[in-house]
Q: 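Provided herewith is a single structure, encoded as structure tokens, for subsequent inquiry.
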Amino acid sequence: MLDLETVDHTRWLSQVDSDLSVVLVDHAHCEKKAASTAMSLLFAYIEQPEVVRAMRDIVEEELGHLLLVMNQLEKRGIPFRKLSPASYASRLAEIVRSGEPDRAVDRLLIGGLIEARSCERFTLLAERVQDRELSALYADLVASESRHHAAYFRLAKLYAPPDVVSRRAKELAVFEAGVLSASSDPPRMHS
Ligand SMILES: [Fe+2]
Ligand SMILES: [Fe+2]
């Protein structure tokens, strides 16, 4: 699904069952980080109007998602606290090539893969979570993160020919699935 390699979610689903509130807090942090990543891409590729417009939209939407998740935390009396992040995003950052335009291709594709994986996990949460309001929120967020995935993958093609982007997307997808499968992190959105 969504240019992702398959991973086994068994361990993660048991973490969700045992500590949903921590996953929710981490989710709020992920939305904040998604806004920040999009802002940093806007700054890095300011000379490319298509990137600027798309990142502006994504920053706004991710900040909107942050508030939606914060509202759910407040309703449930879960304090929004600092949390050590999963190793997922920093492991993915290690594989970004230096030197343009390779760096742009990798940053955009990795952004797209993270959106895709979030989309997949939101789908799983929508099915798993008993709480109807929370389940509905996750079902709603799927459409938006899926659109973000498509935007990132489309923008990567501004920096390399489509066949080169496709090959690199496949390599990165294999790496991403390996990182997630090897995770020994405590409960997080991408543990
Ligand atoms: Fe989001
Ligand atoms: Fe997103």
Side-chain angles (χ1 to χ4, degrees), residues 1-4 7 9 12 16 20-45 48 50-76 78 80 82-83 85-86 88-93 96 104-129 131 133-158 169 172-173 176-177 179-180 187-191:
M1 177 173 100
L2 293 161
D3 303 294
L4 290 170
V7 301
H9 296 285
W12 180 70
V16 166
L20 179 62
S21 63
V22 175
V23 173
L24 286 180
V25 172
D26 188 56
H27 178 193
H29 285 291
C30 288
E31 297 294 356
K32 177 197 71 183
K33 181 70 181 8
S36 155
T37 298
M39 183 59 100
S40 117
L41 287 164
L42 185 154
F43 272 63
Y45 303 109
Q48 182 57 260
E50 267 194 75
V51 172
V52 174
R53 287 196 187 94
M55 292 306 115
R56 193 284 309 260
D57 290 349
I58 291 179
V59 168
E60 282 187 4
E61 285 185 44
E62 303 296 17
L63 289 176
H65 296 168
L66 168 63
L67 292 184
L68 289 174
V69 182
M70 279 173 59
N71 291 345
Q72 295 298 323
L73 291 174
E74 274 176 17
K75 268 193 176 177
R76 288 161 183 75
I78 305 167
F80 188 15
K82 290 190 176 171
L83 216 51
Y88 178 72
S90 59
R91 290 292 320 281
L92 292 180
V96 172
V105 170
D106 286 0
R107 290 178 76 187
L108 289 162
L109 289 177
I110 287 173
L113 287 170
I114 295 174
E115 295 286 348
R117 191 63 77 187
S118 303
C119 192
E120 181 186 51
R121 291 221 152 159
F122 292 172
T123 305
L124 292 169
L125 280 170
E127 292 162 1
R128 189 79 165 192
V129 169
D131 183 317
E133 197 179 337
L134 218 44
S135 173
L137 170 67
Y138 281 113
D140 279 352
L141 289 177
V142 165
S144 150
E145 309 305 1
S146 161
R147 215 172 43 247
H148 296 167
H149 156 263
Y152 278 119
F153 268 55
R154 174 175 54 79
L155 294 170
K157 295 187 187 119
L158 295 171
L172 293 173
E176 186 271 350
V179 166
L180 204 56
R188 298 290 184 268
M189 188 54 78
H190 298 104
S191 56

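Order of appearance sets the numbers: ligands from 1, and atoms from 1 within every ligand. We count residues from 1, following the sequence as given.
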Q: Measure up the His149 and Phe153 rings against each other and bin them: parallel (under 30°), tilted (30 to 60°), perpendicular (over 60°).
A: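 Ring orientation of His149 relative to Phe153: tilted.
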Q: Below 2.8 Å, which protein N, O or S atoms neighbour the Fe ion (ligand 1), ignoring water?
A: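 Glu31 OE1, Glu62 OE1, His65 ND1, Glu145 OE2, with waters left out.
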Q: Output all residues satisfying salt bridge (charged side-chain N to carboxylate O under 4.0 Å, His left out) with Glu176, sequence neighbours left out; order by chain, then residue number.
A: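 With sequence neighbours excluded, Glu176 shows a salt bridge (charged side-chain N to carboxylate O under 4.0 Å, His left out) to Arg117, given in chain and number order.
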Q: Taking the six-membered ring where the residue is Trp, are the ring centres of His27 and Tyr138 under 6.0 Å apart?
A: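 Centroid distance His27-Tyr138: below 6.0 Å, so yes.
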Q: Which residue in the set Glu145, His65, His190, His148 passes side chain to side chain donor-acceptor pair (under 3.5 Å) when paired with Ser118?
A: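 Only match with Ser118 under side chain to side chain donor-acceptor pair (under 3.5 Å): His190.
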Q: Could you go step by step and tell me if Glu31 and Leu68 meet the side-chain contact (heavy atoms from CB on, under 4.5 Å) rule?
A: CA-CA 10 Å; Glu31 297 294 356; Leu68 289 174; over 6 Å; no
Q: Is there a donor-acceptor contact under 3.5 Å linking the side chains of His29 and Arg188?
A: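 On atom types as modelled, these side chains do not qualify, holding no pair under 3.5 Å.
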